[in-house]
Amino acid sequence: MKHPLVSFAFAVALIGASLSLSLAASSDPRIDAYGAQPESGAAPDARRPPDGGSVMVYDRDYPFIHYSDPPVRNDIARLQKRIDAGTVKLTATPQHGYLDSILKALNIDPDSQTLVFSKTSLQVDAISAATPRAIYFNDNTYVAWVQKTGMLEINTMDADRGPVFYTVNAADSHAVLERQALRCLTCHDSYSEMGGGVPRFLFESTYEVEHGKLIPDAVARETADETPIAERWGGWYVTGQDGGALHLGNIQPPATNAPIALDKVRRGSLASLGSLLDTSPYLRSTSDIVALLVLEHQITVHNLIIRANYKSRMLLARFFPTGDAATVHWAQLPTPLQARLEQLLDPVADGLIMRGAAPLPDKVVGSNGYAAWFQAQGPKDSQGRSLRELDLTTRVFRYPLSFLIYSEGFDALPLFVRERLYEKLAHDLHATADGRTAFDILVATKPEFAQAVKTLRD
């Protein structure tokens, strides 16, 4: 089964279906170089995943994560508490089900709408180029809506467990945010639930280009910050001004799977999608290019954070079992463990400073108010500067440091991981003028970082 894009069981391929350290790396392709395998002598965990099935692989490979337990540190769990307490009431409409109500409750801007028509979702039969899935998102949560299905697919970042998945059905008179697991993790797992992988978000492009020809039936490729713009957005609609970027958006599925000359089907970004589909059922008529760029970035960084959380705790449990992830400092770790952690954390630091991110070819302009909404969120320093400021000329962000440094997922990383990342960031950000500004903004807006820098200097 191909799963191009956002899998929210989930989309992004996020929601549906469309980011070593063992002492000796295993040759088993299901086990990565960190040696993620059952603890020696450990009995299998007898708990079952939320939607039934066999014991979850994460409960076996990462028992300290407690993936099958009810997740509580995420937007949806908190929303459910508010619903149960009667402080929030979700209401369904005939056209959109609970969509409007949930977006309002989660402070998700409808202008974040992106449209994807790759057939990857729990609702695959209802998705087509004429009826794409709409994805709406904020920093932590992704909500996917498909016409006439009545079901919302929701993927959210839990600080402790990483991606967790929910559905809510308009047929329920009282909204029930039901957790899903194995159906979604078939795609949202590094090794498809074979062991050794971690849950993740997905964002994929469904087409490839070879020698100037579009390959419609290519295997979907994950998209990250470093993916060239020319290889992005196959299976997605794109609105706005792309500055002449040669991307794969807005190319509807060709009538044949045979290679076709790219110049015959490439459209680039569009001011309107009206010539391609009826957008009247959707909250917006756009699939905003700026929203797509931000979406790809945050999925890249979320996945790095998730992997660092799972693997660093695994390494601590194996090689320093007396250490407490919440209190042990980097300096207290054994030197061999530090060396292994360095291999894990270097990519996280690089992702946070967007090292290797693909450049934009020219100025990008959004098609709605999403860019303004995004920049208005989050902390600012005394001069009004923010890590959420957009550049959109040669790069996406004004300053080379991800806004997800403020996220609950980052703050939930083990103390020793945060300490080492702060040290790496303090060093790397001083390499450029914009980096030094980002450093100053972070000192002013994140007290833990400011204290860590002070400790380093002392």
Side-chain angles (χ1 to χ4, degrees), residues 19-40 42 45 56-68 71 73 157-164 185 188-202 222 224 299-330 332-352 402 404-405 407-425:
L19 268 114
S20 249
L21 294 214
S22 101
L23 294 172
S26 170
S27 60
D28 186 336
R30 298 171 303 167
I31 299 175
D32 75 6
Y34 294 91
Q37 53 211 4
E39 298 285 351
S40 176
D45 193 314
M56 290 204 71
V57 67
Y58 308 125
D59 293 327
R60 182 194 72 202
D61 290 355
Y62 308 102
F64 36 81
I65 295 293
H66 305 296
Y67 192 84
S68 289
R73 299 180 66 190
M157 175 72 167
D158 186 83
D160 299 318
R161 293 165 178 79
V164 288
L185 290 166
H188 285 268
D189 178 272
S190 306
Y191 294 110
S192 297
E193 280 290 289
M194 292 186 295
V198 300
R200 59 180 175 164
F201 298 102
L202 295 173
E222 288 193 45
I299 290 172
T300 299
V301 176
H302 270 319
N303 285 342
L304 290 167
I305 290 172
I306 293 159
R307 189 166 188 270
N309 188 43
Y310 274 64
K311 299 297 186 180
S312 63
R313 292 174 187 273
M314 180 197 74
L315 290 168
L316 185 70
R318 289 193 179 174
F319 304 126
F320 191 30
T322 59
D324 181 350
T327 59
V328 68
H329 294 279
W330 177 264
Q332 296 173 297
L333 300 178
T335 300
L337 177 53
Q338 288 183 344
R340 288 164 170 77
L341 286 165
E342 291 285 6
Q343 299 174 51
L344 175 66
L345 300 183
D346 280 345
V348 183
D350 288 347
L352 286 167
S402 176
L404 290 177
I405 192 80
S407 68
E408 190 176 15
F410 181 91
D411 289 342
L413 289 169
L415 174 62
F416 60 88
V417 169
R418 300 197 308 276
E419 288 178 336
R420 185 60 181 141
L421 286 173
Y422 288 148
E423 188 172 358
K424 289 176 178 291
L425 293 175

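- Closest of all the heavy-atom pairs between V301 and S402 is CG2-OG, 4.0 Å.
- The heavy-atom pair separating L345 from A308 by the smallest distance is CD2-CB, 4.3 Å.
- One finds the CZ atom of R307 at 11.0 Å from the CZ atom of R200 (value rounded to the nearest 0.5 Å).
- A pairwise comparison of heavy atoms in H66 and D59 identifies C-OD1, 4.0 Å as the closest pair.
- Ion pairing between a basic and an acidic side chain is recognised when a charged N comes within 4.0 Å of a carboxylate O; D411 and R418 show no such pairing.
- Among all heavy-atom pairs drawn from G351 and L304, the shortest one is CA-CD1, 3.7 Å.
- Of all non-hydrogen atoms in I306 and P163, the two that sit nearest each other are CD1-CD, 3.4 Å.
- Contact check for L425 versus I405: side-chain heavy atoms found under the 4.5 Å cut-off.
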Passes side chain to side chain contact (heavy atoms under 4.5 Å, CB included), K424 versus D346? Steps please. CA-CA 8 Å; K424 289 176 178 291; D346 280 345; 2.5 Å; yes
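- With sequence neighbours left out, the side chain to side chain donor-acceptor pair (under 3.5 Å) criterion links R161 to no other residue.
- With sequence neighbours excluded, the residues forming a side-chain contact (heavy atoms from CB on, under 4.5 Å) with D324 are A326, T327, listed by chain and number.
- By the ring-ring contact (aromatic ring centres under 6.0 Å, His included) test, Y422 is found to be paired with F410, F449, residues two or more places apart in sequence or in another chain being considered.
- A side-chain donor-acceptor contact under 3.5 Å links D158 to the backbone of R73.
- Side-chain contact check for F64 versus M314: some heavy-atom pair is nearer than 4.5 Å.
- Here CG of L315 is found 9.5 Å from CD of Q343. Values are rounded to the nearest 0.5 Å.
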Could you walk me through whether L413 and V348 pass the side chain to side chain contact (heavy atoms under 4.5 Å, CB included) check? CA-CA 12 Å; L413 289 169; V348 183; 5.5 Å; no
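- Partners of R313 according to the salt bridge (Lys or Arg N to Asp or Glu O under 4.0 Å) rule, which considers only residues two or more places apart in sequence or in another chain, do not exist here.
- In this structure the side chain of P71 never reaches within 4.5 angstrom of the side chain of D160, judged on heavy atoms.
- In terms of the side-chain contact (heavy atoms from CB on, under 4.5 Å) criterion, residue partners of P334 (sequence neighbours excluded) are, by chain and number, F320, P336, L337.
- For Q332, the side chain to side chain donor-acceptor pair (under 3.5 Å) test picks out no residue, with sequence neighbours left out.
- Nearest heavy-atom pair, A159 versus N309, reported as atom, atom and distance to 0.1 Å: O-ND2, 4.1 Å.
- We find the CG-CZ distance between L316 and R340 to be 13.5 Å, quoted to the nearest 0.5 Å.
- Using cut-offs of 30° and 60° for the angle between ring planes, the Y62 and Y310 rings count as perpendicular.
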